[in-house]
Amino acid sequence: MYFPAEGVTKGEVLAYYHEIAPVLLPHLRDRPLTLERYPEGVEGESFYQKDTPAHYPDWLRTYSKKYRHSERVTHHPLVDDAADLLYLANLGVLTFHTFLSRTADIEHPDLLVIDIDPPSDPDRESVPQSFAKAREAAHVLRAELERSGLDPLVKTSGKRGLHLALPLDGTLDFAEIREVLSGLFEKAIAAHPSLVTREVSKGKKRSRVYLDALRMALGATVVAPYAVRPTPIASVSMPVTWEELDELDDPYLFTVRTAGERVAAVGDLWNAIHTGDTIL
DNA sequence: GAGACGT
DNA sequence: ACGTCTCAACGCTCA
DNA sequence: TGAGCG
């Protein structure tokens, strides 16, 4: 029993990943992964795992990376097919976190992600209220990008926030992307100072949407679209259209129980990530 | 979830 | 034969 | 310098 509050079992999680594999796999392909594991279910202990222990099967490819403050080389798992995906899901992986670059050119991100992190003050703000601010901020960032002729994709994070994304052509490195992003954020903040901020507030209470350009870095990760999140209801990160977003007032609407049917109906709304080649 | 290690 | 431990890590800000 | 944060 992985999600006791909803009665969702480990078997259902595996069935979900199996069902969603055709749209999920292209987003994982060749991206080093960080795994977020809940081997005893969502109410049990959890841990992040970057390295691949020696006892993992040898058909599971890995990407080796030496971290500055780590003695050893870390062997990030790579997912090529449904077997790889299900092997890892069977270890209790709920959330797959992906690099923003691929193995072929690890220094140059092919994915720009903007994390819309809504206000978090449970005393002052309800989930619908803070999500409304996240939607507003998403529109502000979208409008700013559109001025450069760019139209980002959007998805729910599966928790309270939103993720905007653009495919990149791999010309710029992480530092250069951070610089572009900083400029974009400054413009957004200048236009809407009461809505968005780059300041981390003390006491983890915040009334504005937090924008963090530092998340575009080698080794930093983002929650993959369609990934399961460790919430009581087994919510998932779900791509949506901008029109849908305006009608959406529950960031937790999509779950392992409902996502399959939706994706069968609308396909992968983030498919453009694989074909686009935005030049910033 | 599973191996390493300690008791 | 069990119980316990481990399984990430960057760079900011504030005390 | 170190803990806390995202």
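Here is how names work: the chains are called A, B, and so on, in the same order as the sequence lines, proteins then strands, and each is numbered from 1.
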At a heavy-atom distance below 4.0 Å, what parts of residues 51-60 of chain A sit against DNA chain C?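 Contacts with DNA chain C under 4.0 Å: A:Asp51.
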Answer yes if the side chains of A:Lys155 and A:Ser237 hold a donor-acceptor pair under 3.5 Å, and no otherwise. yes
For A:Ser126 and A:Gln129, does a side-chain donor sit closer than 3.5 Å to a side-chain acceptor? yes
Can you tell me, in whole Å, how much space there is between the C1' of D:dG2 and that of C:dA9? 16 Å
Could you work out the separation of B:dC5 and C:dA8 based on their P atoms and round it to a whole Å?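 It comes out at 16 Å once rounded to the nearest Å.
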Which other residues end up in the same hydrophobic cluster as A:Val223, if Ile, Leu, Val, Met, Phe, Trp and Tyr are linked when side-chain heavy atoms come under 4.5 Å apart?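 Noted: A:Val223 shares its cluster with no other residue.
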Which other residues end up in the same hydrophobic cluster as A:Ile233, if Ile, Leu, Val, Met, Phe, Trp and Tyr are linked when side-chain heavy atoms come under 4.5 Å apart? A:Val127, A:Tyr252
Just the rounded figure in Å: distance from C1' of C:dT6 to CD of A:Glu40. 13 Å
State the dot-bracket string of DNA chain C. Criteria: Watson-Crick or G-U wobble, both atom distances under 3.5 angstrom; notation: ( ) intrastrand, [ ] crossing earlier pairs, | interstrand, . unpaired. |||||||..||||||
Please, which pairs that meet ring pair (Phe, Tyr, Trp, His ring centres under 6.0 Å) have at least one residue in residues 82-104 of chain A, sequence neighbours excluded?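 Found A:Tyr17-A:Phe96, A:Tyr48-A:His97, A:Tyr56-A:Tyr87, A:Trp59-A:Tyr87, A:His76-A:Phe99.
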A side-chain contact here means heavy atoms from C-beta on lying under 4.5 Å apart; do A:Tyr210 and A:Val196 qualify? no
Hey, does the side chain of A:Arg198 come within less than 4.0 Å of C:dC12's phosphate (OP1/OP2), counting only N and O? no
Distance test, side-chain N/O of A:Lys65 to OP1/OP2 of C:dA8, below 4.0 Å: no
State the CG-OG1 distance between A:Leu253 and A:Thr258, to the nearest 0.5 angstrom.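 A:Leu253 atom CG to A:Thr258 atom OG1 measures 6.0 Å (nearest 0.5 Å).
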Under 4.0 Å, counting only non-hydrogen atoms across every strand here, what does A:Phe47 touch: a base, just sugar-phosphate, or nothing? base
Set of residues satisfying side chain to side chain donor-acceptor pair (under 3.5 Å) with respect to A:Thr231, sequence neighbours excluded: A:Ser235
Among the nucleotides B:dG1, C:dC10, D:dG6, which one has an atom lying closest to any side-chain atom of A:Arg68?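 Looking only at heavy atoms from C-beta outward on A:Arg68, the closest nucleotide is C:dC10.
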Is there a donor N/O on one and an acceptor N/O on the other, under 3.5 Å, for the side chain of A:Arg215 and the base of D:dG6?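 By the distance-only test, no, there is no pair.
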Check whether A:Tyr226 and A:Val266 end up in the same hydrophobic cluster, where Ile, Leu, Val, Met, Phe, Trp and Tyr are linked by side-chain heavy atoms less than 4.5 Å apart.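 No, separate clusters.
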